[in-house]
2 protein chains.
Amino acid sequence: MTRDGGPGALGADPEELWLSRARPRRGRKPAFSREAITAAAVALADAEGLEAVTMRRVASEVGAGVMSLYSYARDKDTLLDLMIDHVSGELPADGALTGDWRTDFKVIGHLQRALMLRHPWLPAALFARRPLGPNVLAFLEHALAALRPTGLDGAAKLEVFSQLTAFVSGHVAHEIAQAAATQSPDRAAAEARYLAAVAADGHHPELAEALSAPGRPLTPEATFTRFLNRLIDGLDTS
Amino acid sequence: MTRDGGPGALGADPEELWLSRARPRRGRKPAFSREAITAAAVALADAEGLEAVTMRRVASEVGAGVMSLYSYARDKDTLLDLMIDHVSGELPADGALTGDWRTDFKVIGHLQRALMLRHPWLPAALFARRPLGPNVLAFLEHALAALRPTGLDGAAKLEVFSQLTAFVSGHVAHEIAQAAATQSPDRAAAEARYLAAVAADGHHPELAEALSAPGRPLTPEATFTRFLNRLIDGLDTS
DNA sequence: CATTATTCTCGTACTGCGTACGAGAATAAT
DNA sequence: ATTATTCTCGTACGCAGTACGAGAATAATG
């Protein structure tokens, strides 16, 4: 369906970006491939974060001149779209369904979260973006199949899936931020000291109590599962 | 509590940023104020989006030299923190509580959404950030008070609030993206054409059906309310 | 086989970003 | 008056995305 080899079909419209186009019959042969460039960008983002993904870095990683990248993606934004679809290929789009749509949909949520934890830049990249590449659509197809037993109409099914994705993105982004804050001892200590100071000022009694009676710590995994279950169990098919 | 007037107390640690410090008794008087700079940045973001907020633009807006801003915020990231807290001041932190925590918490969610719709850059700014300014903490205090009847322990209450914020951010971000895509007729048409083409390829039967049987369109407002209600009604206090 | 059209590669260069540096101006304490 | 302090802001640096266009490679054409 998609060529996913050389240049051409650069971006802007989803049609131009994702719909196949035959290899041009004239002209110089491409020295790189969209696939290789995208993979390099993903590897870079995985290893050093989204901000390490610059056109210069990606180019040097694949051994190309910087401006050569622009034959494969019309701009950096398009490269991001390609990255999102690339990692979305890791989602199993042909998994079996149990027939119990709540169970199936919970699995889908967990798959999304796992993907985002493997590629921590993904929630940020997904933010305010509506990816439409083949891998994303394949997974959407799978999700829609899982929702078939609900009998919801088309718009409602699409909406439920979008909302799930938005929820998982939000959750994982928060989870990652929390983990990062906890990982740096200085920063965590400074924050704790500051909050203690605020709590001690007398104007924040609820905060003071919440900090003094923490209860047992919650694992992100458990928290996610609880909220996900609530959201899905609460879904109404009427 | 905070001075919020001239420079000093620049950032990095939350302590250094938010805790009061007396006006220095020596040296030149500040020509601007943190408040004015922050307000200018917020106005800019409201009018032209977050990407319009550059140090140069903000400086010219307040009539300062670019580098003067750095006397009021140690870097641009800190300015973003200030912006977040600034608009958080619009949240009513002293609203009355009904005593029914589910009702109160739903109101809190709607207040957050309304704030984010007024300042569409807010979800993006909030992303992967944990704001701790006075206005944010005042609203947190309010939310914790609303959760008091649940009997949850401190960590759980804080977690519930964080999750609510993450959920609302994710939802509104998606809502804004959707609205933006719909608003541009060319872009929406191109997307529809592309999806129709994909649906016609025979490999996406569920998608084809969902697109052909859309049902009645959903208002973002109604969708938000439904999901929010589900999330909160499903919350368990055990 | 020479020519030509096409498509790619990539060096150069432009604009705009965040911000380090440090000189000079204003202010208050000595 | 001197001095220490705190602010203002012009200049400059490195890095970002990318427009431009010259040159290289390829395939169709006469």
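Given the structure is predicted, the values throughout are model-derived calculations rather than measurements. Heavy-atom basis, side chains included; hydrogens, waters and symmetry copies ignored. Letters A, B, ... mirror the listed sequences (proteins, then strands); counts begin at 1.
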Starting at [atom1] of [X] and ending at [atom2] of [N], how long is that distance when rounded to a whole Å?
X: M67(B); N: dT6(D); atom1: CE; atom2: P; answer: 18 Å
X: L79(A); N: dT18(D); atom1: CG; atom2: P; answer: 10 Å
X: F32(A); N: dA25(D); atom1: CZ; atom2: P; answer: 13 Å
X: R57(B); N: dG18(C); atom1: CZ; atom2: P; answer: 12 Å
X: L80(B); N: dG18(C); atom1: CG; atom2: P; answer: 10 Å
X: L69(B); N: dC17(C); atom1: CG; atom2: P; answer: 13 Å
X: R74(A); N: dG17(D); atom1: CZ; atom2: P; answer: 17 Å
X: I37(A); N: dC8(C); atom1: CD1; atom2: P; answer: 12 Å

[X] side chain vs [Y] backbone, donor-acceptor pair below 3.5 Å:
X: S184(B); Y: A181(B); value: no
X: Y72(A); Y: F32(A); value: yes
X: D85(B); Y: V136(B); value: yes

Close N/O contacts between protein and nucleotides 27-30 of chain D (under 3.5 Å):
unit_1, atom_1, unit_2, atom_2, d
dA27(D), O3', R25(A), O, 2.7

(message) Under a 4.0 Å threshold between the charged nitrogen and the carboxylate oxygen, would E191(A) count as salt-bridged to R187(A)?
(response)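 So R187(A) does not pair with E191(A) through a salt bridge.
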(message) Classify T54(A) by what it touches in the nucleic acid, base, sugar-phosphate, or nothing, heavy-atom distance under 4.0 Å.
(response)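 It contacts sugar-phosphate atoms only.
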(request) Give, for atom CG of L228(B) and atom NE2 of H171(B), the distance between the pair rounded to the nearest 0.5 Å. (result)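 It is 9.0 Å, given to the nearest 0.5 Å.
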(request) Specify the residue among V66(B) and A31(A) whose closest nucleotide of DNA chain C lies further upstream toward the 5′ end. (result)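 Looking at the nearest nucleotide for each, A31(A) comes out on the 5' side.
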(request) Could you tell me whether the side chains of T78(A) and D75(A) share a donor-acceptor contact shorter than 3.5 Å? (result)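 Short answer, yes.
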(request) State whether Y72(B) places a side-chain N or O below 4.0 Å from either non-bridging phosphate oxygen (OP1 or OP2) of dT8(D). (result)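 Checking Y72(B) against dT8(D): at least one side-chain N or O falls below 4.0 Å of OP1 or OP2.
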(request) Return no unless some side-chain N or O of S71(A) is found under 4.0 Å from OP1 or OP2 of dT9(C). (result)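 Yes, S71(A) has a side-chain N/O under 4.0 Å of OP1/OP2 on dT9(C).
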(request) Please examine the side chains of L207(B) and L211(B), heavy atoms only from C-beta on, and report whether any two atoms are closer than 4.5 Å. (result)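 Yes; the side chains approach each other to less than 4.5 Å.
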(request) Check whether any side-chain heavy atom of E175(A) sits under 4.5 Å from a side-chain heavy atom of T223(A), and report yes or no. (result)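 The answer is no; the side chains never approach within 4.5 Å.
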(request) Can you check whether any acceptor in the base of dG16(C) is under 3.5 Å from a donor in the side chain of R56(B), or vice versa? (result)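 Check fails, no donor-acceptor contact within cut-off.
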Name the closest nucleotide to the [X] side chain, picking from [options].
X: R28(A); options: dA24(D), dG24(C), dT19(C); answer: dA24(D)
X: A64(B); options: dG18(C), dC7(D), dC9(D); answer: dC9(D)
X: M55(B); options: dC10(C), dT18(D), dG18(C); answer: dG18(C)

(message) If the condition is ring-ring contact (aromatic ring centres under 6.0 Å, His included), which residues does H174(B) pass it with, not counting sequence neighbours?
(response)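 So H174(B) forms no ring-ring contact (aromatic ring centres under 6.0 Å, His included) with any residue.
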(request) Starting at the 5' end of DNA chain C, write a dot or bracket for each base, bracketing those in Watson-Crick or G-U wobble pairs whose two distances are under 3.5 Å and using | for partners on another strand. (result) |||||||||||||||||||||||.||||||
(message) Does the plane of the ring in F224(A) sit parallel, tilted or perpendicular to the ring in F167(A)? Use 30° and 60° as the thresholds.
(response)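 Ring orientation, 0 to 90° scale: parallel.
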